[in-house]
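Before anything else, here's the structure in question.
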Amino acid sequence: MTVSETRSIPLVELAAKTRVAAQKLGILSTAEKNQAIEAIAQALEAAASEIIAANEADCRAAEAEGIAKPLYNRLKFDTSKLKSTIAGLRDVAKLPDPVGVVQIHRELDQGLILKRITCPLGVLGVIFEARPEAVIQISALAIKSGNGVILKGGKEAINSCQVLVKAIRQGLSQTAIDPDAVQLLTTREEILELLQLDDYVDLIIPRGSNSFVKFVQDNTRIPVLGHAEGICHIYIDKLADIKKAIAITIDAKTQYPAACNAVETLLVHQDIAPGFLLEAVTALQAKNVELRGDDQTLKIVNIKPATAEDWSTEYSDLILSIKIVGNLEEAIAHINTYGSGHTDAIITEDQATANTFLNQVDGAGVFHNCSTRFADGFRYGFGAEVGISTQQMPPRGPVGLEGLVTYKYQVVGDGHIVETYSGSNAKPFTHRDL
Ligand SMILES: NC(=O)C1=CN([C@@H]2O[C@H](COP(=O)(O)OP(=O)(O)OC[C@H]3O[C@@H](n4cnc5c(N)ncnc54)[C@H](OP(=O)(O)O)[C@@H]3O)[C@@H](O)[C@H]2O)C=CC1
Ligand SMILES: N[C@@H](CCC(=O)OP(=O)(O)O)C(=O)O
């Protein structure tokens, strides 16, 4: 039985309760929020066997449905993943509180003081794929940033999500935070309903395909922070160190092929192509990567031909397309045409070439001589991430605590009026930063 089937109240009431809980949460102290995160960590540890059993049930069902191996690996939530996710949760508790940060403190005139102070957004609606650790990471980030959250995970992870949210709410019940601050939805129908609740939900974060993110944008008045697909590239420059290039390519493709920051297309400078490709293809095939090349590549190595569709495909699997380019400009043009603004890397020992790439590739992450798989909130020191924003406006890339707060301007005077500062005798502002 799903949570929605057992839910006794309409979604609008559930969202209203989340909003009330979030309003109380938003004004709690850092210590109270950190205590709540620790209580969740302990509740998850206590529920470990139930969590693992629920996930095993999800994995069995997904296997019976013939889930692809990389997606199965993303769904699988074993003891070691649980332990590392709980460690990440405790890392979030150690991070500075993103709420109440004074970003601007300025005297406008004597006794008239402006402050810009960060505050929570309110209630977040986060829709994500079948990745159980996302439940824990997003809940922790929401709590620490003072926000309520309504979660919806991928259908394959339904049992895992239910048990995890049950444990999180159980943990919260021992703390100053109302468990209603964290809610779980389980069906697509509920998402459609959620999108209409602009009186209760302040931000929708869809993690999914471009078409799903667009669907959400087209069907809600709530602001949307899109986390869409990752068509990530690695450009192997003519002055690349071949050893580094191969190690980075293998990592970016095979370390977690279903992740959105895995590489999908390799662009290779024509001058280095013969030497690099012979070695790289052997190494990639040894890791069971299926390779698809353009006409130039096929002249050097015996792999499948790529079609035009390959350049705009996110495989989420052990498949990699390869294209030979004449120069850096061609590589940048290809990425800016077919990429998804997620993460792209250049491998080169030439700093000037690297700088041109880092400046001219338009994306949330531009990397030099390292794997695209570093695009991740935990690895950036954010403790965890809500996901990786692929939109142009901030927050962009891995979204951590700072991406979940807004700010307000606080102005304190002592009877000050604007009339004093206008007209021919206008008093000048001091505009002095304090
Ligand atoms: N940038 C980022 O941080 C992330 C990007 N992605 C990208 O998302 C893409 C797809 O990932 P995938 O695993 O297939 O996830 P899906 O797109 O299949 O699912 C993601 C979530 O969206 C829901 N959903 C999908 N379509 C609809 C719809 N039409 N109406 C309502 N709900 C919908 C799913 O619900 P249900 O399961 O119930 O069908 C699930 O909860 C990939 O390109 C991946 O890179 C994924 C995660 C993070
Ligand atoms: N940052 C994460 C990947 C981001 C993410 O959520 O991707 P996805 O596997 O598409 O759900 C990681 O490096 O594992």
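These values consider heavy atoms only, across backbone and side chains, with no hydrogens, waters or symmetry-generated copies. Along the sequence shown, the residues carry numbers beginning at 1. All ligand and atom numbering here is 1-based and tracks the order in the structure.
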At less than 4.0 angstrom from any non-hydrogen atom of A258, what atoms of ligand 2 do you find?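 Those of ligand 2 that fall under 4.0 Å from A258 are 9 (O), 10 (O).
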
Indicate yes or no: does an N/O atom of K152 lie under 3.5 Å from an N/O atom of ligand 1?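 Yes; at least one N/O pair falls below 3.5 Å.
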
Among the heavy atoms of E385, does any lie under 4.0 Å from an atom of ligand 1?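 Judged by the 4.0 Å heavy-atom criterion, E385 does not count as contacting ligand 1.
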
Heavy atom of R379, distance to ligand 2 below 4.0 Å: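 Yes.
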
Does one side chain, of T313 or D310, offer a donor that lies under 3.5 Å from an acceptor on the other?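 The answer is no; no qualifying pair exists.
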
Between I127 and ligand 1, find which residue part has any heavy-atom pair under 4.0 Å and reply side chain, backbone, both or neither.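 Contact part for I127 vs ligand 1: side chain (C-beta onward).
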
Can you confirm whether the side chains of D350 and T348 place a donor and an acceptor under 3.5 Å from each other?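 Their side chains do not contain a donor-acceptor pair, so the 3.5 Å distance test is not met.
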
Could you check atom 6 (N) of ligand 1 against the protein and tell me its nearest heavy-atom contact, residue, atom and distance included?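 For atom 6 (N) of ligand 1, the nearest protein heavy atom comes out as G208 N, 4.0 Å.
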
Does any N/O atom on E129 come nearer than 3.5 Å to any N/O atom on ligand 1?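 No - when backbone and side-chain N and O of E129 are compared with those of ligand 1, no distance drops under 3.5 Å.
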
Spacing of D198 atom CG and I204 atom CD1 [to the nearest 0.5 Å]: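 Interatomic distance, D198 CG to I204 CD1, rounded to 0.5 Å: 10.0 Å.
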
Which of the atoms of ligand 1 are close to G387, meaning less than 4.0 Å from one of its heavy atoms?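 Counting from 1, the qualifying ligand atoms are 3 (O).
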
Does ligand 1 have a heavy atom under 4.0 Å from the side chain of R207, from its backbone, from both, or from neither?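 For R207, backbone and side-chain atoms both sit under 4.0 Å from ligand 1.
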
Distance from atom 41 (O) of ligand 1 to nearest protein heavy atom, with residue and atom: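 Here the nearest protein heavy atom works out to F128 O, 2.8 Å.
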
May I ask you to list the atoms of ligand 2 that are less than 4.0 angstrom from any heavy atom of N261?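 Going through ligand 2 atom by atom, the ones under 4.0 Å from N261 are 1 (N), 2 (C), 3 (C), 12 (C), 13 (O).
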
Looking only at the side chains, is there a donor atom on one of N34 and E38 sitting less than 3.5 Å from an acceptor on the other?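 There is no such pair (donor and acceptor under 3.5 Å, judged by atom type) between the side chains of N34 and E38.
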
In terms of side-chain heavy atoms, does D58 have a donor or acceptor partner in N159 at a distance below 3.5 Å?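 D58 vs N159: donor-acceptor pair found between side chains.
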
Measuring from the heavy atoms of G387, does anything fall under 4.0 Å of ligand 2?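 No heavy atom of G387 comes that close to ligand 2.
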
Measure up the H334 and H233 rings against each other and bin them: parallel (under 30°), tilted (30 to 60°), perpendicular (over 60°).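 H334 and H233: perpendicular rings.
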
Considering non-hydrogen atoms only, spot the tightest contact between I236 and T249 and give its length.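 Minimum heavy-atom contact is CD1-OG1, 4.0 Å.
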
Closest candidate by heavy atom, reference atom 1 (N) of ligand 2, pool I388, D376, T343: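 Going through I388, D376, T343 one by one, D376 has the nearest heavy atom to atom 1 (N) of ligand 2.
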
For atom 37 (O) of ligand 1, the protein heavy atom that lies nearest, with its residue and separation: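 Atom 37 (O) of ligand 1 sits closest to the protein heavy atom K155 N, 2.7 Å.
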
Just to confirm my output: which protein heavy-atom neighbour is closest to atom 33 (C) of ligand 1, and how far is it?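 The closest heavy atom on the protein side is F212 CE1, 3.2 Å.
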
Please check if the side chain of K238 supplies one atom and the backbone of I272 the other of a donor-acceptor pair under 3.5 Å.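 Such a contact is absent between K238 side chain and I272 backbone.
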
Closest non-hydrogen atom pair between I234 and I347, with its separation: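 Scanning both residues completely, I find the closest heavy atoms to be CG2-CG1, 3.6 Å.
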
Any N or O on Y256 sitting closer than 3.5 Å to an N or O of ligand 2?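 No, Y256 has no N/O under 3.5 Å of an N/O on ligand 2.
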
Evaluation steps, side chain to side chain contact (heavy atoms under 4.5 Å, CB included), between F357 and D344: CA-CA 9 Å; F357 182 94; D344 302 288; 4.2 Å; yes

Can you give me the closest heavy-atom contact between G26 and V99, atom names plus distance?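 For G26 versus V99, the nearest heavy atoms are O-CG1, 4.4 Å.
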
Side chain, backbone, both or neither: the part of A228 lying under 4.0 Å from ligand 1 by heavy atom: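 Near ligand 1, A228 shows its backbone, while the atoms from C-beta on stay back.
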
Sub-4.0 Å atoms of ligand 2 with respect to non-hydrogen atoms of R74: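 What qualifies from ligand 2 is 8 (P), 9 (O), 10 (O), 11 (O).
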
Distance filter under 4.0 Å to I191 heavy atoms, resulting ligand 1 atoms: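 Those of ligand 1 that fall under 4.0 Å from I191 are 31 (C), 32 (N).
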
Would you mind checking which non-hydrogen protein atom is closest to atom 43 (O) of ligand 1, with the distance to 0.1 Å?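 Looking at atom 43 (O) of ligand 1, the protein heavy atom closest to it is E314 OE1, 2.2 Å.
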
Determine whether the side chain, the backbone, both or neither of S316 has a heavy atom under 4.0 Å from any heavy atom of ligand 2.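 Near ligand 2, S316 shows nothing, with every heavy atom at 4.0 Å or more.
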
Could you tell me the residue and atom name of the protein heavy atom closest to atom 4 (C) of ligand 1, and the distance to it rounded to 0.1 Å?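 So the nearest neighbour among protein heavy atoms is C260 SG, 3.6 Å.
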
Closest approach of S145 and P120, non-hydrogen atoms and distance?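 For S145 and P120, the tightest heavy-atom pair comes out as O-CB, 3.3 Å.
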
Against heavy atoms of G154, which atoms of ligand 1 measure under 4.0 Å?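 Taking each heavy atom of G154 in turn, ligand 1 has 37 (O), 40 (C), 41 (O) under 4.0 Å.
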
Starting from atom 14 (O) of ligand 1, locate the nearest protein heavy atom and write down its residue, its atom name and how far away it is, to 0.1 Å.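 Answer for atom 14 (O) of ligand 1: R74 NH2, 4.3 Å.
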
Relative to the heavy atoms of G153, which atoms of ligand 1 are at a distance of less than 4.0 Å?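 Near G153, meaning under 4.0 Å from one of its heavy atoms, ligand 1 has 41 (O).
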
Pairing donors with acceptors under 3.5 angstrom, does anything connect the side chains of S371 and D251?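 Present: a donor and an acceptor within the cut-off.
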
Got the closest protein heavy atom to atom 9 (O) of ligand 2, with its distance?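 Result for atom 9 (O) of ligand 2: R131 NH2, 2.7 Å.
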
Nearest candidate to atom 3 (O) of ligand 1, where distance is taken over non-hydrogen atoms, out of T390, I388, L194: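 It is I388 that holds the nearest heavy atom.
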
Applying side chain to side chain contact (heavy atoms under 4.5 Å, CB included) to I51 and S160, what does each step give before you reach the verdict? CA-CA 6 Å; I51 293 166; S160 316; 6.0 Å; no

Hydrogens and angles aside, do N261 and Y256 bring a side-chain donor and acceptor to less than 3.5 Å of each other?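 There is no such pair (donor and acceptor under 3.5 Å, judged by atom type) between the side chains of N261 and Y256.
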
Considering all heavy atoms of both residues, which atom of E156 and which atom of L75 are nearest to each other, and what is their separation?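 In this case the closest contact between E156 and L75 is O-CD1, 3.6 Å.
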
Ligand 1 versus R131: contacting region, heavy-atom distance under 4.0 Å: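 Near ligand 1, R131 shows nothing, with every heavy atom at 4.0 Å or more.
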
Give yes if a backbone or side-chain nitrogen or oxygen of L71 is under 3.5 Å from a nitrogen or oxygen of ligand 1, and no if not.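 Between L71 and ligand 1 (N or O atoms, distance only) the closest approach is not under 3.5 Å.
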
Under 6.0 Å from the CD atom of E402, do we count more than 12 heavy atoms belonging to anything else shown?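 For E402, atom CD is not crowded (no more than 12 foreign heavy atoms under 6.0 Å).
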
Scan side-chain atoms only and decide if K214 and Q217 contain a donor-acceptor pair under the 3.5 Å cut-off.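 Short answer, no.
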
Write out the residue and atom name of the closest protein heavy atom to atom 14 (O) of ligand 2, then the distance separating them to 0.1 Å.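 Its nearest protein heavy-atom neighbour is R373 NH1, 3.4 Å.
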
Starting from atom 11 (O) of ligand 2, which protein heavy atom do you reach first, and at what distance in Å?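 Looking at atom 11 (O) of ligand 2, the protein heavy atom closest to it is E129 OE2, 2.1 Å.
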
Can you find a protein heavy atom under 4.0 Å from atom 16 (P) of ligand 1?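 No; the ligand atom in question lacks any protein heavy-atom contact below 4.0 Å.
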
So, for E193 and L11, which heavy atoms are closest and what is the spacing to 0.1 Å?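 Of all heavy-atom pairs spanning E193 and L11, the closest is OE2-CB, 3.3 Å.
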
If you measure every N or O of C260 against every N or O of ligand 2, does any of those distances drop under 3.5 Å?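 Right, the criterion is met.
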
Identify the protein heavy atom lying closest to atom 29 (N) of ligand 1, giving its residue, its atom name and the separation to 0.1 Å.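 Checking every protein heavy atom, the shortest distance to atom 29 (N) of ligand 1 gives R188 NH1, 3.5 Å.
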
Checking R116 against Y407: charged group under 6.0 Å from the ring centre and within 45 degrees of the axis?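 Yes - R116 lies over the ring of Y407, closer than 6.0 Å to its centre and within 45° of its axis.
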
With atoms numbered from 1 as shown, which atoms in ligand 2 lie under 4.0 angstrom from a non-hydrogen atom of A375?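 Counting from 1, the qualifying ligand atoms are 1 (N).
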
Protein heavy-atom partner closest to atom 6 (O) of ligand 2 - residue, atom, separation in Å: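 The protein heavy atom lying closest is R207 NH2, 2.7 Å.
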
